[in-house]
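First the structure, in the form of structure tokens, and then the observations on it.
Naming convention: chains lettered A, B, ... in sequence-line order (proteins, then strands); numbering from 1 in each chain. In this text the structure is predicted, and so the values were computed from the model without any measurement.
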2 protein chains.
Amino acid sequence: MKAYDKQEKVLVAVDCIIFGFYEGQLNLLLIRRDFEPRRGEWSLMGGFLRESESLDDAAARVLRELTGLDQVYLEQFRAFGEVNRDEGERTVSVGYYALINQENVQPQLSADYAAHWVPLNEIPPLIFDHSDMVKAALRRLRHRATHEPVGFELLPEKFTLTQLQWLYEAIFGTPIDAGNFRRRLRKMDYLQRLNEKDTTNSRKGAWYYQFVSEGYAMAKRNGADFLLKP
Amino acid sequence: MKAYDKQEKVLVAVDCIIFGFYEGQLNLLLIRRDFEPRRGEWSLMGGFLRESESLDDAAARVLRELTGLDQVYLEQFRAFGEVNRDEGERTVSVGYYALINQENVQPQLSADYAAHWVPLNEIPPLIFDHSDMVKAALRRLRHRATHEPVGFELLPEKFTLTQLQWLYEAIFGTPIDAGNFRRRLRKMDYLQRLNEKDTTNSRKGAWYYQFVSEGYAMAKRNGADFLLKP
DNA sequence: ACAAAAGTGTTTTTCTTACACCCATGA
DNA sequence: TCATGGGTGTAAGAAAAACACTTTTGT
């Protein structure tokens, strides 16, 4: 059955669902296509897999091409393989989602691509099956954010607990009880409080915190598991 | 960037991690390759994607070719795309795991392929990255089995609660407290008790149960969520 | 009557939830 | 001094864990 000759090859693409967080809003980085097919329509950022790179590498390259960023949190979530999902040639696409702290990215993008941050609840219709991809990516993000400390990728190095709460409210689309949310955070000793306050939102000021990944690694080795739900 | 011409096509395969359950043991269906490369070594069952079929279709076809079974629980869990993961030509593989009630399958397999059920804790070294695939599939199965009633796919239509407990013990590799396990089951009113007992394991006999999927669908609509952990 | 699996109950502890409350401070 | 967001505490209840207990029946 599985002989290598005479098999049909297909195009393989990666598409990136790029999440950003800014001013309490969860956003998606979308492009308006300036190439055929479907020129001018909204779409995810994607590209074809090259012979010399892995899927993960391809996703990182595509992301770098659009944002100029490297070292970004990037996770594959699913392959999409319906026969007619794409126009033109048959293409299998592998979906990746990225989490980036939006403040770092504003400037350099849009240079080569017509890229825009779009609030998650105002996503326009997308080409092909890209809307399905977004839905699947969001499901995965919600799951990961509850069980692993990936949310911090969307925040600046220093953040307040209120910002963190806003982030989770944005990810899940529900309000969260501040008291209960903060109690869970209080037990995470890998959240380090800095000697510095953010006073932009209140007179009292909110402490800045920092996620200490080595601390988390240690806690994990000791059997602690991250859990943060709405 | 994303123009359709002059792109490099690659081979796309699907590989199936086929779980079966029999006599308290969780098993994997593996083949000894009777073709090159790596003739004679252990491997997962796989095949190449054809132009006219979706990824899901391809996985179902591969499974049917090996087991003769249709209508099997089959779920994609991840694409594998390292450059040198395969020998010979560059191949991207999409992993699917299947859950089948092993009693239905014993006879017809092995006809064309040298297929064998191997206990999960006695898996031999596998070719390529197939061992990684198995690990990833098992992680996904563990997750799905706790949050969705997929475990029943591995059991006969009629099963006892003790069998179900054995299944979960096998999936998670840990002992489970019978009292607590059964209390959770007792609340699932979509588990229908039949007027029939299994007396092979005890004099008293254990009631047979049946999973009623319409009942589960209704419970789900009413906001109930399945949860069954070790 | 007793062994052995099937099945139920009970107690203890831990985690959630809802919500009231205090704190700090600039205007 | 008071409004506002930041932050803590607590009582009621739900759920998890541990384990003792009862039931059934072939031998």
For the pair made of [atom1] in [X] and [atom2] in [N], what is the distance, rounded to whole Å?
| X | N | atom1 | atom2 | result |
| --- | --- | --- | --- | --- |
| B:Glu196 | C:dA6 | CD | P | 16 Å |
| B:Tyr208 | C:dA6 | OH | P | 12 Å |
| A:Leu161 | D:dG5 | CG | P | 17 Å |
| B:Asp198 | D:dG26 | CG | P | 14 Å |
| A:Leu164 | D:dG5 | CG | C1' | 17 Å |
| B:Gln165 | C:dA6 | CD | P | 9 Å |
| B:Lys204 | C:dT8 | NZ | C1' | 9 Å |
| A:Lys197 | D:dG5 | NZ | P | 15 Å |

A:Thr162 vs D:dG6: side-chain N/O to OP1/OP2 distance below 4.0 Å: yes

Minimum-distance nucleotide (side-chain atoms of B:Arg186 versus C:dT8, C:dA4, C:dG26):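 Looking only at side-chain atoms, B:Arg186 lies closest to C:dT8.
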
Exercise: do A:Tyr208 and A:Gln210 side chains pair donor with acceptor under 3.5 Å: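 No - no donor-acceptor pair under 3.5 Å links their side chains.
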
Smallest separation among heavy atoms of [X] and [Y], with atom names:
| X | Y | answer |
| --- | --- | --- |
| A:Leu74 | A:Ala98 | CD1-CB, 3.6 Å |
| A:Leu191 | A:Phe159 | CD2-CZ, 4.0 Å |
| B:Thr67 | B:Leu29 | CG2-CD2, 3.8 Å |

Ring-ring centroid check A:His130 A:Trp42, cutoff 6.0 Å: no

Approximate separation, where rounding is to 0.5 Å, of A:Gln102 CD and A:Glu23 CD: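 Result: 9.0 Å between the selected atoms.
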
Plane angle bin for A:Tyr97 and A:Phe19 - parallel if under 30°, tilted between 30 and 60°, otherwise perpendicular: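 Ring orientation, 0 to 90° scale: perpendicular.
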
Ring geometry between B:Phe211 and B:Phe152 (parallel below 30°, tilted from 30 to 60°, perpendicular above 60°):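 It falls in the parallel class, under 30°.
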
A:Arg184 to A:Phe181, cation-pi by 6.0 Å centre distance and 45° axis angle: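 No cation-pi geometry.
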
Interface with DNA chain C, restricted to residues 173-185 of chain B and to heavy atoms under 4.0 Å: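 By residue number: B:Gly179, B:Arg182, B:Arg183.
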
Interface residues of residues 222-230 of chain A with DNA chain D (non-hydrogen, below 4.0 angstrom): none

